[in-house]
**Student:** 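Shown below is the structure under consideration.
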Amino acid sequence: MAPEQDEEATDAQLVVEALVVCDAFVSQLRFDDALKVLEVATDTVAENVEVLGLNASRPPPTNPNAPSYHALRPPLPPTRIQDIHSFWTRLNSLWLRVLASIALTPQAWDLLEERIRAWSRALEWYGLVNYELGFWVKDLCKAVHIGRMRIQIMMQEANCIHAAAEVGSGGSMLSTGSLQIFDKNPFGCTL
């Protein structure tokens with residue numbers, strides 16, 4: 001019976017180890033790899049809240065918001081994460097660090113926000129959304145919004161540089177005092 005307990009304990013350890021790996025990726029500025037690990041870890045958490053012992057605030061009846069992940073892969077055997085508070089703090093902090101550092105396309109930001117909202121729907125049944133003990137969906141969605149805005153600003157800057165290059169190669173420039181407006185610049189950027 002002791003070998004079964006050791007085997008079961010490793011399942012919760014794997015989720016915690018995924019966060020350690022993610023933290024290492026963040027330290028190495030490998031944000032794409034960190035994002036992949038976080039997505040898998042968060043999928044596992046959302047699918048196995050009860051098994052991992054993260055549902056302390058809610059009894060274990062069937063969650064109507066949980067996707068039927070178990071049709072695709074079997075649930076983990078019962079295990080427990082020992083320090084629930086530290087686990088949630090670490091998971092959310094890693095998400096915020098990665099979201100603040102990663103560069104995605106606007107479509108990828110949209111897909112990521114959809115996944116965050118899907119995880120939050122599965123976790124809200126247990127009272128694990130937007131509290132210190134749980135998934136910080138509001139903060140994560142704000143970080144996604146900021147990331148999306150960062151990409152838009154970068155795209156506008158690139159368009160301004162492109163417009164300035166066009167002016168340098170034959171476009172005309174109108175000068176109004178200290179404000180310079182390029183007639184081929186549809187974005188109204190000033191340089």
Side-chain angles (χ1 to χ4, degrees), residues 6-56 58 60 62-63 65-148 151:
D6 290 341
E7 188 176 309
E8 289 176 357
T10 60
D11 293 326
Q13 289 171 350
L14 288 174
V15 174
V16 173
E17 282 294 318
L19 300 185
V20 171
V21 168
C22 181
D23 200 15
F25 284 151
V26 168
S27 297
Q28 298 167 5
L29 306 178
R30 295 173 53 189
F31 300 111
D32 290 333
D33 294 329
L35 178 63
K36 290 174 189 171
V37 171
L38 273 175
E39 287 178 318
V40 170
T42 307
D43 271 342
T44 302
V45 167
E47 296 167 19
N48 297 286
V49 172
E50 297 162 6
V51 171
L52 296 170
L54 298 171
N55 63 322
R58 175 74 82 162
T62 304
N63 178 354
N65 297 319
S68 58
Y69 290 115
H70 301 303
L72 302 174
R73 55 184 163 183
L76 296 174
T79 60
R80 303 208 61 74
I81 290 180
Q82 298 302 315
D83 188 352
I84 295 171
H85 186 270
S86 293
F87 171 80
W88 284 113
T89 300
R90 189 171 198 179
L91 177 71
N92 289 306
S93 297
L94 283 167
W95 266 113
L96 291 172
R97 287 170 57 197
V98 168
L99 292 174
S101 304
I102 199 159
L104 299 172
T105 65
Q107 296 81 9
W109 282 113
D110 292 343
L111 291 173
L112 185 55
E113 184 174 23
E114 286 177 26
R115 291 194 75 189
I116 289 170
R117 292 190 185 284
W119 292 321
S120 73
R121 283 190 298 274
L123 295 170
E124 72 184 343
W125 170 257
Y126 303 100
L128 295 172
V129 174
N130 294 326
Y131 296 103
E132 188 174 339
L133 188 66
F135 198 55
W136 302 341
V137 70
K138 285 182 182 177
D139 294 341
L140 298 177
C141 286
K142 284 179 189 175
V144 166
H145 179 71
I146 290 168
R148 194 180 291 123
I151 292 299

**Student:** Can you name the residues that form a side-chain contact (heavy atoms from CB on, under 4.5 Å) with Ala108, not counting sequence neighbours?
**Tutor:** Leu104, Thr105
**Student:** Taking only residues two or more places apart in sequence, or in another chain, which ones meet Asp33 in a salt bridge (Lys or Arg N to Asp or Glu O under 4.0 Å)?
**Tutor:** Arg30
**Student:** Which value, rounded to the nearest 0.5 Å, describes the distance between Cys141 atom SG and Leu99 atom CG?
**Tutor:** 9.5 Å
**Student:** Restricting to non-hydrogen atoms, name the atom on Cys22 and the atom on Val37 that form the minimum distance, rounded to 0.1 Å.
**Tutor:** CB-CG1, 4.0 Å
**Student:** Could you give the distance from CG (Leu123) to CH2 (Trp88), rounded to the nearest 0.5 Å?
**Tutor:** 5.0 Å
**Student:** Mind checking what makes salt bridge (Lys or Arg N to Asp or Glu O under 4.0 Å) contact with Asp110, not counting sequence neighbours?
**Tutor:** Arg148
**Student:** If the test is side chain to side chain contact (heavy atoms under 4.5 Å, CB included), which one of Leu140, Leu54, Leu128 qualifies with Phe135?
**Tutor:** Leu140
**Student:** Can you list the residues that meet the side chain to side chain donor-acceptor pair (under 3.5 Å) rule with Ser86, with sequence neighbours excluded?
**Tutor:** Asp83
**Student:** Report the residues that fulfil side-chain contact (heavy atoms from CB on, under 4.5 Å) with Asp139, sequence neighbours left out, ordered by chain and then residue number.
**Tutor:** Leu96, Trp136
**Student:** Between Ile116 and Val137, which heavy-atom pair has the shortest distance, and what is it?
**Tutor:** CG2-CG2, 3.6 Å
**Student:** Please give me the minimum heavy-atom distance between Val45 and Leu52, naming the atom from each residue.
**Tutor:** CA-CD1, 4.0 Å
**Student:** Quick check: closest heavy atoms across Lys138 and Asn130, and the distance to 0.1 Å?
**Tutor:** N-OD1, 2.8 Å
**Student:** Compare every heavy atom of Trp109 with every heavy atom of Ile151, then report the nearest pair and how far apart it is.
**Tutor:** CG1-NE1, 3.5 Å
**Student:** With sequence neighbours excluded, what pairs up with Glu39 under the salt bridge (Lys or Arg N to Asp or Glu O under 4.0 Å) test?
**Tutor:** Arg115
